[in-house]
Structures are given as C-alpha cells and as structure tokens.
Amino acid sequence: MWDSLVRWWRVEVALFICYLYAVRRGDRPSYRYCADRSILVSAFCVVVLMAGLMLVGAVATFLQQGCR
C-alpha cells in the first residue's frame, strides 16, 4: 500500500515537472500530455485560477470603495 502511494506521488511530481518544463519551452503537445494525466497539474491550475479571480475581485472592490 505504502509503496503504491509513494510511486503514485513520484509519478505526479514527475508529470508536474514535465509540465513546467514544457510550458517554459512552449511545447504544446508535451504540456497537454502532462496536464491530461496529472491530478497535481489540474489542482495547480485550479489554484492559480482561483487566485487570479480573487485578485481581480480585490482590485474591483478597491476601485469601487476607494482608499479609506
């Protein structure tokens, strides 16, 4: 059981590193391959999306209320 979890985690980390390197190179087929097979990459994209939306919301709130 423990061995399979460690193996799964190592594969996820390898796919995440593969994704980052492929994005840096601009290699679309490679980063699509890594993104389609990795849960960690999907979670990372969701977190980045949520952080971006929260930032836009904070800026919009600031602009509506002004600096008080």
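Here the structure is a predicted model, which means the values were calculated and not measured.
- Taken together through direct or relayed side-chain contacts under 4.5 Å among Ile, Leu, Val, Met, Phe, Trp and Tyr, Val56 and Met50 form parts of separate hydrophobic clusters.
- Under the 3.5 Å distance criterion, the side-chain polar atoms of Ser4 are matched with a main-chain donor or acceptor of Met1.
- Note on Tyr31 and Tyr33: separate hydrophobic clusters, where clusters join Ile, Leu, Val, Met, Phe, Trp and Tyr whose side-chain heavy atoms are under 4.5 Å apart, directly or indirectly.
- Residues passing the ring pair (Phe, Tyr, Trp, His ring centres under 6.0 Å) test with Phe44 are Phe16, sequence neighbours excluded.
- By the 4.5 Å side-chain criterion applied to Ile, Leu, Val, Met, Phe, Trp and Tyr, Val11 is assigned to a cluster that also includes Leu15.
- Among residues two or more places apart in sequence or in another chain, the salt bridge (Lys or Arg N to Asp or Glu O under 4.0 Å) test is passed with Arg25 by Asp27.
- Taken together through direct or relayed side-chain contacts under 4.5 Å among Ile, Leu, Val, Met, Phe, Trp and Tyr, Val46 and Leu55 form parts of separate hydrophobic clusters.
- Residue pairs that meet the side chain to side chain donor-acceptor pair (under 3.5 Å) test with at least one member in residues 47-61, sequence neighbours left out, do not exist here.
- Pairs of residues two or more places apart, or lying in two chains, that qualify as disulfide (SG to SG under 2.5 Å) and include a residue from residues 7-36 are Cys18-Cys34.
- For the pair Glu12 (side chain) and Ser38 (backbone), a donor-acceptor distance under 3.5 Å is absent.
- Following chains of ILVMFWY side-chain contacts shorter than 4.5 Å, one cannot reach Val59 starting from Met54, and the two form parts of different hydrophobic clusters.
- In terms of the salt bridge (Lys or Arg N to Asp or Glu O under 4.0 Å) criterion, residue partners of Arg32 (sequence neighbours excluded) are, by chain and number, Asp36.
- Residues Leu49 and Leu40 do not share a hydrophobic cluster, defined by chaining ILVMFWY side chains whose heavy atoms lie under 4.5 Å apart.
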